[in-house]
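Below: one structure, written as structure tokens.
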Amino acid sequence: MIIAIDGPAASGKSTTAQGVATRLGITYLDTGAMYRSITLGLMDHGISLRDLSSIEEFLNTVKIEFGDSNSGSKIYLNGRDITDKIRSTAVTEKVSVVSAIGVIRESMVQIQRKIGGNTDCVLEGRDIGTVVFPDADFKFFLVADVEVRARRRLKDLDELGEEQTIEEMIADIRCRDELDSTRDHSPLVKAEGAIEIDTGKLTIDGQIEKIVNIINQ
Ligand code: DC
């Protein structure tokens with residue numbers, strides 16, 4: 001079974017998808033974390049986003065792994081725990097540009113299809129219901145008002161010890177929405193047949209419950 005959960009930045013996808021996967025006892029895959037990991041890796045290696053051959057070389061050697069720990073789920077890039085680093089402002093500022101690069105998308109989609117092909121899975125991202133698994137058993141599209149989303153992201157940043165004003169965050173989110181939904185490769189759009197859920201009007205438990213109920217019906 002494949003459950004696709006797509007939506008714009010900070011629309012509540014991660015918490016909801018994770019909760020739904022736990023309730024159903026199936027795998028959870030955060031595809032945004034994969035694009036963030038590649039962004040961090042390219043930054044750390046000083047690879048220019050215009051240098052496609054170095055990007056391809058990097059993609060051929062890179063290994064992204066997921067794991068669990070007492071403090072929650074972890075993500076590793078070539079064995080290094082990068083869970084917190086991929087949420088930094090530096091990575092967030094670049095990830096929309098990195099994730100618009102065709103060769104990077106092709107490589108990530110291949111990995112995502114392999115994981116989803118081997119196990120029941122909740123995948124969250126931007127293009128799961130449109131490109132990665134257009135025949136997913138269930139498709140959801142989460143939305144929320146930009147101010148609600150900005151407040152959520154500020155809370156996440158606060159936990160990482162970083163600060164930003166609400167105005168800056170709203171501007172950042174609007175900019176990412178624009179880049180994600182107007183790019184040439186797999187732009188963010190609601191998939192055909194996807195059920196839209198406004199998470200601004202629901203609690204986290206309410207969001208999870210709503211989706212689990214639809215799946216169980
Ligand atoms: O959900 P997030 O904020 O962690 O996603 C980070 C970026 O990755 C976001 O700007 C869009 C991109 N992304 C994508 O293009 N396709 C996906 N399936 C998931 C994320």
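Whatever order the structure lists them in is the order used to number ligands and atoms, beginning at 1. Keep in mind it's a predicted model, so treat the numbers as computed, not measured.
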task = Verify the distance criterion only: is there a donor paired with an acceptor across the side chains of T31 and Q112 at less than 3.5 Å?
result = no
request  = Verify the distance criterion only: is there a donor paired with an acceptor across the side chains of T83 and D81 at less than 3.5 Å?
outcome  =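 Yes, a side-chain donor-acceptor pair sits under 3.5 Å.
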ask   = Do R113 and V132 come within less than 4.5 Å of each other through their side chains, counting heavy atoms only?
value = yes
Test log, rule salt bridge (charged side-chain N to carboxylate O under 4.0 Å, His left out), inputs R183 and D127 = CA-CA 12 Å; R183 67 186 177 211; D127 60 342; 5.3 Å; no
task = Using modelled atom types only, decide if a donor and an acceptor are shared between the side chain of T119 and the backbone of G116 within a distance under 3.5 Å.
result =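 Checked: no pair found.
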key: Amino acids in close contact with ligand 1, where any non-hydrogen atom sits under 4.0 angstrom away   =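 The answer is K13, T31, G32, Y35, R36, R87, V95, S96, S99, R105, G125, R126, D127, R153, R176, D180, R183, counting any residue whose heavy atom sits under 4.0 Å from ligand 1.
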inquiry  = Just to verify, what does N216 make a side chain to side chain contact (heavy atoms under 4.5 Å, CB included) with, not counting sequence neighbours?
reply    = L24, V212
